[in-house]
Novice: 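One structure follows; several queries about it will come next.
Just so it is clear, the values below take in all heavy atoms, side chains as well, and ignore hydrogens, waters and symmetry mates. For the single chain, residues carry numbers from 1 onward in sequence order. Predicted, not measured: the structure shown is a model, and the values here were computed from it.
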Amino acid sequence: MRSRRVLVPILTLSVLIVGCSSGEDGSDGGSAQPTAGPSTTAAADLGTDPAYAEPGPAQVGTTAFKLDDGRRVQAWYPAADSAAELPTEQFDIAGLLSPELQSQIPADKRPMYEIAAHPAADPGADGPYPVVMFSHGFAGFPEQSADLVTHLASWGFVVVAPDHVERSLSGQLGVAAKGVTPREDPEVLSASLDAALALKGSPLTGLLDESKVTVAGHSAGAGAAYREASADPRVKAFIAYSVGNRPGEKKPPVPKVPGMVMAGTDDGIIPPAASQEIFDGMNPPKYFVSIDGAGHLVFSDICLIGRDQGGLVGLIGEVGLDLPESMTRLASDGCEDGQLDPAKAFPAIDHLSVAFLRYSLGIDPEPVGLDPAVTKNLTDAKVTLTADPG
């Protein structure tokens, strides 16, 4: 995991654009004027500057709260400069397992993962800030895409990420689902937003701009984000990382707001053609991002957590669980030899996510770094961006 102040080498972005999005969809679109967040780049740099590939100017804080049903919600937010003096978040993935399973993990095999955020830090003074609801994948967890959520927060977003205990790692192999009535993903996301807005005495109190709400998710969470973008009228834009329709499942309504779909060309869980199909059926303005050689987990930190100890698969092996092949593939697709190292893709994913959300919300009146000329400022991996302005 890179520090917020230490950059992974910036990568190559080979971008194909078929148009420029206006960002206008009848909601707030690209016509709105910026009300929060860092200033935009100069007009001359709009097409050439990957302005959001590096961490933003804000320190990042993190806090947790619970919904009325007891499920955990983790949040990351722009923090005051004083946060830099505080300890960083230490994520214990083994802590998501049941006490019985945890007791079987040797202390030296229990990886702690540093996340570039500071627990309970004072919030930034420039709020309220736009919001991203984030939905994790199957057998995932709110912290699974730590690089992405902290990057968004560093650029002026509050990220609200619930534990979908119906399908999370802590729900499957832990005790988080105990006593919790199952709920549909969009209901959980909207309830998390409502709860965050209503918090008292929290770093999040008064920090969320309800007029600038977006949603993003990975894998099963990508489908959740897609459905939430149609279900909750507060949502102004969405990003779906590795999304596809489940066989035999009724297709959800197509969102009317701007959307971005990202896919890895070597994804063995959700074929990139499935993500392309979702994109083709979306309403413009819309963007499609293809990352060459990347597997399913490129949009998460899962491959990096305990990498030298065999990752998540190795951790589960330590407790003697015999996972089905499908679960093993899910926990390793994107981490294998011959696939793109996810850390190399993070700057591209981070930049395109921030650029799309800022433009869709009107924070950037013009699109920043969503032009083919940006490739001269990036090196290492091949990413293709297609845009349909409608």
Side-chain angles (χ1 to χ4, degrees), residues 1-10 34-39 51-66 72-96 107 110-134 141-163 192 195-197 199-209 212 300-301 304-308 343 346-347 349-351 353-354 357-358 363:
M1 174 69 182
R2 62 189 173 120
S3 164
R4 222 178 51 79
R5 299 301 179 191
V6 180
L7 301 180
V8 170
I10 297 180
T35 59
S39 61
Y52 307 122
E54 302 179 6
Q59 293 290 329
V60 178
T62 184
T63 189
F65 59 94
K66 291 187 176 182
R72 176 176 67 100
V73 181
Q74 195 73 30
W76 294 267
Y77 56 90
D81 289 345
S82 59
E85 305 302 320
L86 299 175
T88 55
E89 181 178 5
Q90 300 296 315
F91 175 61
D92 176 14
I93 191 171
L96 302 178
R110 187 164 178 150
M112 300 298 293
Y113 189 62
E114 183 176 7
I115 296 177
H118 307 278
D122 289 337
D126 297 327
Y129 298 99
V131 184
V132 181
M133 295 179 282
F134 182 80
F141 37 91
E143 298 87 352
Q144 68 157 58
S145 298
D147 173 84
L148 176 63
V149 296
T150 56
H151 195 89
L152 289 167
S154 79
W155 279 105
F157 291 87
V158 176
V159 181
V160 177
D163 185 350
S192 300
L197 288 165
L199 287 171
K200 304 297 183 183
S202 163
L204 299 182
T205 301
L207 208 63
L208 288 73
D209 185 346
K212 287 182 169 58
S300 78
D301 290 45
L304 281 63
I305 298 174
R307 175 184 269 179
D308 58 348
F346 286 170
I349 295 167
D350 292 344
H351 165 72
S353 297
V354 173
L357 293 175
R358 285 175 60 98
I363 299 170

Novice: If I take atom CH2 from residue Trp76 and atom OG from residue Ser154, how far apart are they, to the nearest 0.5 angstrom?
Specialist: 13.5 Å
Novice: Atom CG in Asp163, atom CG in Leu96: separation rounded to 0.5 Å?
Specialist: 7.5 Å
Novice: To the closest 0.5 Å, what do you measure between OG1 (Thr88) and NE2 (His118)?
Specialist: 7.0 Å
Novice: Verify the neighbour count for atom CG of Asp81: are there more than 12 heavy atoms of other residues, nucleotides or ligands below 6.0 Å?
Specialist: no
Novice: Could you tell me whether the side chains of Ser300 and Gln144 share a donor-acceptor contact shorter than 3.5 Å?
Specialist: no
Novice: Could you report the tightest heavy-atom contact between Leu304 and Ala343, atom names first, then the distance?
Specialist: CD2-CB, 4.3 Å
Novice: At their closest point, which heavy atom of Ser353 faces which heavy atom of Leu148, and how far apart are they?
Specialist: OG-CD1, 4.0 Å
Novice: Give the minimum heavy-atom separation between Ala153 and Ala58, together with the two atoms involved.
Specialist: O-CB, 4.2 Å
Novice: Using the rule given for side chain to side chain contact (heavy atoms under 4.5 Å, CB included), can you reason through Glu89 versus Gln74, listing the C-alpha separation, both sets of side-chain angles and the distance that settles it, and then say yes or no?
Specialist: CA-CA 12 Å; Glu89 181 178 5; Gln74 195 73 30; 4.0 Å; yes
Novice: Closest heavy-atom contact between Leu199 and Thr205?
Specialist: O-OG1, 3.0 Å
Novice: State, to 0.1 Å, how close Thr150 and Ala117 come at their nearest heavy-atom pair, and which atoms those are.
Specialist: CG2-CB, 4.2 Å
Novice: Would a distance-only check, ignoring hydrogens and angles, find a side-chain to backbone donor-acceptor pair under 3.5 Å from Asp301 to Ala146?
Specialist: yes
Novice: Out of Trp155, Phe157, Phe346, which residue meets the ring-ring contact (aromatic ring centres under 6.0 Å, His included) rule with Tyr52?
Specialist: Trp155
Novice: Quick one: pull up OH in Tyr129 and CG in Leu207 and give me the separation to the nearest 0.5 Å.
Specialist: 6.0 Å
Novice: Have a look at Val158 and tell me which of Pro130, Pro203, Pro123, Pro78 forms a side chain to side chain contact (heavy atoms under 4.5 Å, CB included) with it.
Specialist: Pro78
Novice: Ignoring hydrogens and geometry, is there a side-chain-to-backbone donor-acceptor pair from Tyr77 to Ala121 under 3.5 Å?
Specialist: yes
Novice: Working to the nearest 0.5 Å, report the span between CG of Asp122 and OG of Ser82.
Specialist: 5.0 Å
Novice: Just verifying a value: how many Å separate Met112 CE and Gln90 CD, rounded to the nearest 0.5 Å?
Specialist: 5.5 Å
Novice: Only counting residues at least two apart or in another chain, list the ones meeting side-chain hydrogen bond (donor to acceptor under 3.5 Å, both in side chains) with Thr63.
Specialist: none
Novice: Specify the closest pair of heavy atoms between Gln59 and Ala83, including all atoms of both residues, with the distance to one decimal.
Specialist: CB-CB, 3.9 Å
